[in-house]
Amino acid sequence: MLRIAAVLLLGLVMFAGWIAAQSWEAMRVLQDIEAGAGPSALKERTPKPARETLSLTTDEGDIAADLYHPGQEVGARIVLVPGFTPQGKDDPRLVQLARTLARARFLVLVPDLQGSRVLSVRSEDAAAIGDAAALLARLEPERAPDDQNVGVAAISYGVGLAVLATLKPEGQEAIDFLVGIGGYYDTGNVITFATTGAYREPGSNRWQTRTPDPLAKWLFLWGNLHVLDDRADRALLDEIARRRAADPEAPIDELSDPLGAEGRSLLTLILNDDRERVPQLLDDLPASAREAIEAHSLAERDLSHLSGRALLIHGRDDTMIPHTESTHLARAIGETDLHRIDGFSHIDPHGVGLIGQWQLLRAMTDLLAWRNDGAVHSENRTPRTEDLP
């Protein structure tokens, strides 16, 4: 017993030494994210970031974008993409995350994307993300050299827009690296999981099932309402989504009965729970809806330009988008830092066990390493890809 105890003690000492040398900052960053607006060691050790609003020029006109300066030496620059929230760039959770990144010596720009506020997935927002990266690359605030790497970080559906931004002219020129949390690869896979709970690993014919978040299908519906031509159908489906998002069993017959052909086909897809029917139901959608879904998909695209330049994080227990989507995306990119986190469910850090915390620590350590040494362009860096199934 004494020998076992000595070995365990030695292991703990070695572990503590590794943490001291490599990851104390990463741990403080994760703790600050979890603390939100509350106290944390990172807040005690760093200045309060300064926030100012800039004007960002896009193809659709000027939009607002918030710049967060760390008030200390800047290590890298990053565009933070808002998720679906009516508050857009002013969502308190997003503001706190931007401040945490700024305390970690990132110069952070958060564009106020229209699609974020109206809960819609819009191709125009991918171009706006590229414009934001180009603006951030041009900025030369105090203590921020103009030759730093520029990244883009996104969550959930925003990951697809961020990847698409790297294919736009402005994004191709300005974006050096990508950070994606809980993202997707194939929109067909996402729809299949959200409506039926079915998913499968890359290269596997074996379907697995998990109970999806009841909100997932209604978020998808909201995200695509704008592609329908029938205004009455859009209004009816919006109300259906609101009712069912609040109560999955809420009655909707008086709203679904008046739907036209467009709206009915989309609602039939959303209410379906048979995975074998999904391909046909997708084909039954109006052309505008099919084209929008295909336009936002990353499948069949050449993403090799992101090889060695992408950090992907996904919870193995994610009930909004299955973790297999980030695995698909990593395979399409090539060399990728892929972190699949045990107990981590769609950007929710609470309740993650020791293994999951260790995995999150490794992911954050990788991100900070990119900031420290410009690793996305370093010849000395060998991008680490987690073993894929």
Side-chain angles (χ1 to χ4, degrees), residues 15-34 42 70 74-81 97-98 100-108 148-156 158-159 162-163 166 175-183 303-316 318 323 325-344 346-347 349 352-388:
F15 173 75
W18 186 90
I19 290 292
Q22 303 292 330
S23 296
W24 275 121
E25 184 185 12
M27 186 178 294
R28 288 193 291 267
V29 171
L30 290 173
Q31 290 171 342
D32 192 61
I33 292 173
E34 188 168 6
L42 188 66
V74 173
R77 306 170 187 227
I78 198 163
V79 175
L80 183 58
V81 179
L97 179 57
T100 294
L101 290 173
R103 290 188 188 99
R105 297 198 297 109
F106 286 94
L107 184 67
V108 185
Q148 292 171 326
N149 289 315
V150 176
V152 57
I155 300 169
S156 190
V159 175
V163 173
T166 68
I175 298 173
D176 296 306
F177 65 93
L178 169 77
V179 180
I181 303 174
L303 305 179
S304 59
H305 64 288
L306 288 172
S307 183
R309 302 164 54 195
L311 171 67
L312 303 180
I313 302 170
H314 211 125
R316 289 185 183 273
D318 199 320
H323 68 278
E325 285 302 289
S326 283
T327 308
H328 280 291
L329 181 55
R331 285 195 167 197
I333 290 173
E335 290 184 293
T336 308
D337 282 342
L338 173 63
H339 299 266
R340 293 171 293 191
I341 313 299
D342 291 306
F344 185 68
H346 205 73
I347 74 170
V352 176
L354 288 176
I355 293 176
Q357 291 175 30
W358 169 249
Q359 293 163 336
L360 281 171
L361 184 63
R362 291 173 63 196
M364 182 56 68
T365 301
D366 281 357
L367 176 58
L368 296 181
W370 285 11
R371 176 209 65 187
N372 290 341
D373 59 14
V376 291
H377 289 311
S378 173
E379 295 180 357
N380 296 322
R381 178 176 183 265
T382 301
R384 178 182 53 75
T385 303
E386 182 181 306
D387 292 337
L388 301 179

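All values reported here derive from a predicted model rather than from experimental measurement.
- Residues passing the side chain to side chain contact (heavy atoms under 4.5 Å, CB included) test with V159 are A154, V163, L329, sequence neighbours excluded.
- Here the OG1-CG distance, from T365 to D337, works out to 11.5 Å after rounding to the nearest 0.5 Å.
- F106 is not listed as a side-chain neighbour of L80, based on a closest heavy-atom distance of 4.5 Å or more.
- In summary, of the residues considered (L312, L311, L306, T327), a side-chain contact (heavy atoms from CB on, under 4.5 Å) with T336 occurs for L312 alone.
- Note: R371 CZ to L107 CG = 13.0 Å, rounded to the nearest 0.5 Å.
- Here the CD-CZ distance, from Q148 to R105, works out to 9.0 Å after rounding to the nearest 0.5 Å.
- Between L97 and I33, the closest side-chain pair of non-hydrogen atoms falls below 4.5 Å.
- L368 approaches A104 most closely through the heavy-atom pair CD2-CB, 4.2 Å.
- What you find for D366 and H339 is that their closest heavy atoms are OD2-NE2, 3.0 Å.
- Between atom CG of residue N149 and atom CD1 of residue I175 there is a gap of 12.5 Å, rounded to the nearest 0.5 Å.
- A 4.5 Å side-chain heavy-atom check between L30 and E34 finds every atom pair outside the cut-off.
- Using a 4.5 Å heavy-atom threshold, the side chains of T166 and F177 count as separate.
- Side-chain contact check for E325 versus D318: every heavy-atom pair is 4.5 Å or farther apart.
- To the nearest 0.5 Å, atom NE2 of residue H314 and atom OG of residue S156 are 8.0 Å apart.
- Here the side chain of D176 pairs a donor or acceptor atom with the backbone of V150 at under 3.5 angstrom.
- Between S326 and R340, the side chains place no donor N or O within less than 3.5 Å of an acceptor N or O (distance only, hydrogens not considered).
- Checked against side chain to side chain donor-acceptor pair (under 3.5 Å), Q357 has no partners two or more places apart in sequence or in another chain.
- Of all non-hydrogen atoms in R28 and L42, the two that sit nearest each other are O-CB, 3.9 Å.
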Practice problem: Please report the C-alpha distance between D342 and Q359 in whole Å, then the side-chain angles of each, then the deciding distance to 0.1 Å, and finally whether the side-chain contact (heavy atoms from CB on, under 4.5 Å) criterion is met. | Solution: CA-CA 8 Å; D342 291 306; Q359 293 163 336; 3.0 Å; yes

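- In this structure, CD1 in I78 is found 9.0 Å from CG in L178, a value given to the nearest 0.5 Å.
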